[in-house]
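I have placed the structure first, in the form of structure tokens, so that the comments after it can refer back to it.
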4 protein chains.
Amino acid sequence: MGGVTTRKNSGQSTTAPAKRQRATSSGPASERRDHLVKLAAELFARKGFQATTVREIADEAGILSGSLYHHFDSKETIVDEVLSTFLDDLVARYRTAIGSGADPRSTLSEMVRIGFGTLEPHRAAITVMQNDWNYLRQFERFNYLVKAEDEVEQIWVAQIKAGQAAGQFRADVDPKLTYRMIRDTIWVAVRWFRPGGRLNTTGLAEHYITVLFDGLATGERTSQQA
Amino acid sequence: MGGVTTRKNSGQSTTAPAKRQRATSSGPASERRDHLVKLAAELFARKGFQATTVREIADEAGILSGSLYHHFDSKETIVDEVLSTFLDDLVARYRTAIGSGADPRSTLSEMVRIGFGTLEPHRAAITVMQNDWNYLRQFERFNYLVKAEDEVEQIWVAQIKAGQAAGQFRADVDPKLTYRMIRDTIWVAVRWFRPGGRLNTTGLAEHYITVLFDGLATGERTSQQA
Amino acid sequence: MGGVTTRKNSGQSTTAPAKRQRATSSGPASERRDHLVKLAAELFARKGFQATTVREIADEAGILSGSLYHHFDSKETIVDEVLSTFLDDLVARYRTAIGSGADPRSTLSEMVRIGFGTLEPHRAAITVMQNDWNYLRQFERFNYLVKAEDEVEQIWVAQIKAGQAAGQFRADVDPKLTYRMIRDTIWVAVRWFRPGGRLNTTGLAEHYITVLFDGLATGERTSQQA
Amino acid sequence: MGGVTTRKNSGQSTTAPAKRQRATSSGPASERRDHLVKLAAELFARKGFQATTVREIADEAGILSGSLYHHFDSKETIVDEVLSTFLDDLVARYRTAIGSGADPRSTLSEMVRIGFGTLEPHRAAITVMQNDWNYLRQFERFNYLVKAEDEVEQIWVAQIKAGQAAGQFRADVDPKLTYRMIRDTIWVAVRWFRPGGRLNTTGLAEHYITVLFDGLATGERTSQQA
DNA sequence: AATGAATGAGGCTTCATTCAT
DNA sequence: AATGAATGAAGCCTCATTCAT
């Protein structure tokens with residue numbers, strides 16, 4: 001249990017199918033609301049959070065900007081919902097992966113696949129997180145984003161260290177540094193990845209797994225230590 | 001000469017210490033102006049382009065906001081100068097690297113080093129490019145950014161293909177895809193890299209070169225083809 | 001129908017009391033909006049378009065300047081509405097006059113009366129058109145003003161030529177030139193005409209019609225040709 | 001003597017070829033200064049006084065805007081010079097005309113010719129007076145414009161009344177009203193008159209004189225009283 | 001005579017948000 | 001659940017003018 005705690009539906013277990021409800025003043029869940037969030041997410045992704053006006057969101061929904069405030073109490077609340085929905089899903093998937101008990105290399109591969117696998121269903125949210133993170137983190141209300149990021153980092157670093165201990169990964173790399181590079185490589189792909197290109201996200205994942213584990217070079221590895 | 005043509009002073013050879021001059025309406029160079037650009041770059045990097053007000057830039061310089069317009073004709077002109085200065089320098093360095101005539105693997109290593117090597121001197125510009133690219137590219141005036149990016153991509157992809165042809169790089173990876181992953185890994189590091197940490201940029205570069213060429217795994221490479 | 005096409009609601013027949021509606025982005029009609037336009041027109045007339053600030057308009061209406069933008073998307077949109085409302089009315093009146101089938105001299109007299117007759121109800125708009133035309137025509141959005149002016153010119157010139165053909169007007173005057181002089185004499189009167197003076201606009205019209213047709217001189221006409 | 005008194009070179013008789021000198025702080029006369037005034041006049045005429053920036057004037061002269069203040073102490077001083085130069089010339093010409101001792105009709109004809117005759121040499125100034133009069137008259141410094149206008153009005157009205165007394169002009173027109181209509185017809189022509197068209201200013205004048213004295217109609221005059 | 005830098009006031013506009021209906 | 005009107009703060013930018021050099 002526990003772990004990543006977004007400000008939305010914290011304690012909610014992955015299995016509990018309880019009615020989704022928010023603990024905050026951001027208002028009750030509803031189909032209309034979810035729809036509005038989706039519209040907003042697309043706009044945030046395309047134009048950036050700051051450059052997207054509440055009027056544009058309202059226009060997209062065919063209502064007046066003031067009417068949005070029946071559903072959300074602020075623009076921040078909307079983006080909050082966009083991001084936390086994504087993070088909740090991501091963390092849940094990671095938990096499943098590390099719970100499988102597979103060896104570190106297999107687990108890490110799976111986690112890479114999970115990462116690339118979110119690129120399509122959560123494209124908008126990931127884009128927002130990449131582009132507007134620097135701005136949003138200034139606000140206290142988004143502190144939970146940092147917390148979620150920290151937990152994810154721990155999960156990854158633990159796997160890398162386990163792999164080094166098991167002799168599957170080379171010992172001369174820095175686990176934390178390595179994690180960051182992997183993470184960045186995956187998420188930043190959202191900037192150029194477009195569904196329908198040569199590779200789908202599965203192909204992307206396998207391509208990256210290959211390079212990540214075996215390297216770009218041919219022949220014997222240059223330097224190595226047990 | 002030629003190649004990447006930013007809207008500023010691209011053609012300028014790296015060796016020619018000719019008087020600095022701009023070809024466009026962005027205004028003439030001057031020490032004062034350069035200083036203001038530097039101040040602005042720091043603010044843009046810290047707060048984001050949109051979230052930085054011209055008043056803040058002016059405050060930082062100890063003048064009134066309107067006085068900025070004696071030097072620049074718009075806020076965009078300032079960020080333009082921040083970005084193009086960086087790109088000019090970057091492209092110049094790449095050109096030197098590929099002009100050395102070394103083998104592809106050495107050249108690619110050098111290019112990775114160049115990339116990480118810009119992290120400190122151009123930290124602000126790179127941060128802006130990472131965070132505000134999505135917003136800025138909406139404006140026609142920044143089309144040159146895309147052009148510069150394209151030329152850089154060609155330089156990299158050519159090296160990767162040359163390495164594959166020479167048998168130095170595995171043939172089963174996609175050159176373009178591989179370039180993008182390398183590129184992203186390097187630039188995104190600006191988000192977490194802080195001078196004075198465990199590794200300096202040289203260390204970062206060597207660490208990444210190791211993983212990039214030899215992979216994270218130990219033992220024999222999984223799949224391989226000549 | 002047809003003819004002068006202001007960017008607002010030109011095609012609207014004079015008899016059809018259809019709901020007032022605008023075809024463009026200048027915003028929907030409303031009583032509040034019309035009231036604001038009226039206030040603005042007075043200020044534009046008194047101080048000139050450029051010298052009138054949106055703050056002054058807002059002050060006059062008892063709201064904040066930003067609130068004006070709930071109704072109009074720019075200061076230009078406001079003056080646009082002022083001018084096009086006048087032109088729509090004017091052209092409609094001219095059309096009625098030329099549709100009466102009277103002889104050219106009677107028709108022309110009627111048109112002179114129409115011109116002077118707009119001096120009071122459209123005083124502000126005419127003043128703006130006289131004083132700020134030169135400035136406003138620089139903007140593409142006001143091209144329709146020129147078009148409306150051209151149609152009006154055609155209407156007048158046609159009547160003058162018809163009068164010459166019918167032998168009612170002397171043949172040795174230039175129709176276009178004569179039109180312009182008549183037009184200018186009428187509109188420029190807005191600069192000095194004040195309701196409540198010795199002559200009302202009807203008196204003004206008759207005075208001008210006298211001089212226009214019969215001349216200032218006494219006795220026989222100087223030169224004449226059939 | 002005396003009469004129109006512009007704020008510039010007041011008492012200066014038309015015959016005294018004394019060195020031109022200004023009584024005010026607007027600075028001494030000089031060729032450079034006159035050139036700048038001419039450049040400014042063109043811009044004022046084309047764009048309007050308010051819409052013309054001192055920077056544009058300076059650009060046109062190839063200097064920086066601040067440097068203009070070595071020649072003039074304000075933007076108003078420049079337009080002042082433009083207008084007063086024109087008025088001085090105009091009044092001088094009128095004085096010559098009324099000093100000839102000819103009969104009223106001849107004198108009035110001559111004055112019409114004088115008016116149209118200034119259209120070319122003083123095109124810019126007349127345009128400014130037509131378009132920016134309403135704005136400029138707000139400033140106390142331009143009170144002399146109103147004074148000049150009043151004196152000119154007296155000259156005209158006196159001639160019209162003399163013509164009526166002599167039986168040359170019909171008695172049933174209002175002298176002041178008639179003057180205004182003549183005046184407006186002449187000056188407003190600056191808006192559409194372009195040198196090189198079908199008629200030059202002499203032709204324009206004769207055309208107008210014909211219509212003015214004999215009217216547009218053919219045959220006998222409608223109503224007439226001794 | 002002119003430059004180059006800056007001032008200071010103010011202009012138009014944007015936009016998240018509120019609130020009575 | 002939504003409208004329509006307005007707020008209030010702030011944003012970018014303009015421009016006549018000043019002044020030391």
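So that the names make sense, note that chain A is the first sequence line, chain B the second, and so on, each numbered from 1.
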Counting only side-chain N and O atoms of C:H70, is one of them less than 4.0 Å from OP1 or OP2 of F:dA5?
yes
Whole-Å distance, B:H71 NE2 to F:dT14 P, equals 15 Å
Do the charged groups of A:E42 and A:K47 touch, with an N to O distance under 4.0 Å?
no
Near DNA chain F, counting only heavy atoms under 4.0 Å, which residues of residues 57-64 of chain C show up?
C:I63, C:L64
Whole-Å distance between E:dA9 C1' and C:E56 CD?
15 Å
Look at the side chain of C:T52 and the backbone N and O of C:L43, then say whether any donor-acceptor pair between them is shorter than 3.5 Å.
yes
Are the side chain of C:N134 and the backbone N or O of D:A45 linked by a donor-acceptor pair below 3.5 Å?
yes
State, with a plain yes or no, whether a side-chain heavy atom of C:R32 is found less than 4.5 Å away from one of C:I63.
yes
OP1 or OP2 of F:dA6 versus the side-chain N and O atoms of C:R32: is any pair under 4.0 Å?
yes
Any chance the side chains of C:T77 and C:R141 put a donor and an acceptor closer than 3.5 Å?
yes
Short of 4.0 Å, heavy atom to strand atom, which residues of residues 39-54 of chain B count as contacting DNA chain F?
B:T52, B:T53, B:V54
Between E:dT17 atom C1' and A:E76 atom CD, what is the distance in whole Å?
12 Å
When all nucleic acid strands are considered with a 4.0 Å heavy-atom cut-off, which category describes D:S74: base, sugar-phosphate, or nothing?
sugar-phosphate
Phosphate contact (F:dA1 OP1 or OP2) by A:S67 side-chain N/O below 4.0 Å
no
Rounded to whole Å, please give me the gap between CD1 in D:I78 and C1' in F:dA16.
11 Å
Where each pair must be Watson-Crick or G-U wobble with both distances under 3.5 Å, what dot-bracket representation of DNA chain E is obtained, with crossing pairs in [ ] and other-strand partners as |?
.||||||||||||||||||||
Distance, rounded to the nearest Å, where A:R33 contributes CZ and F:dA1 contributes C1':
15 Å
Nucleotide nearest C:R55 (side chain, heavy atoms from C-beta), chosen from F:dT18, E:dT14, E:dG10:
E:dG10
With a 4.5 Å heavy-atom cut-off, do D:M129 and D:L87 have their side chains touching?
yes
B:K75 NZ to F:dT14 P, in whole Å, measures 14 Å
Rounded distance in Å - CG (C:L36) to C1' (F:dA5):
11 Å
Ring-plane angle category for C:F142 and C:Y144, please: parallel below 30°, perpendicular beyond 60°, tilted otherwise.
tilted
Assess whether a salt bridge exists between C:E60 and C:R55, defined as any Lys/Arg side-chain N lying under 4.0 Å from an Asp/Glu carboxylate O.
no
Please tell me whether C:Y135 and D:N131 have a donor and an acceptor in their side chains that are separated by less than 3.5 angstrom.
no
C:W133 vs C:V128 side-chain heavy atoms within contact, under 4.5 Å
no
Measure the distance from CG on A:D73 to P on E:dT17 and round it to the nearest whole Å.
9 Å
Is NZ or CZ of B:K75 both nearer than 6.0 Å to the six-membered ring centre of B:F44 and within 45° of the ring axis?
no
Does the A:D132 side chain pair with the main chain of A:F49, one donor and one acceptor, at a distance under 3.5 Å?
yes
Considering just the side-chain nitrogens and oxygens of B:Y69, establish if one lies under 4.0 Å of OP1 or OP2 belonging to F:dC13.
yes
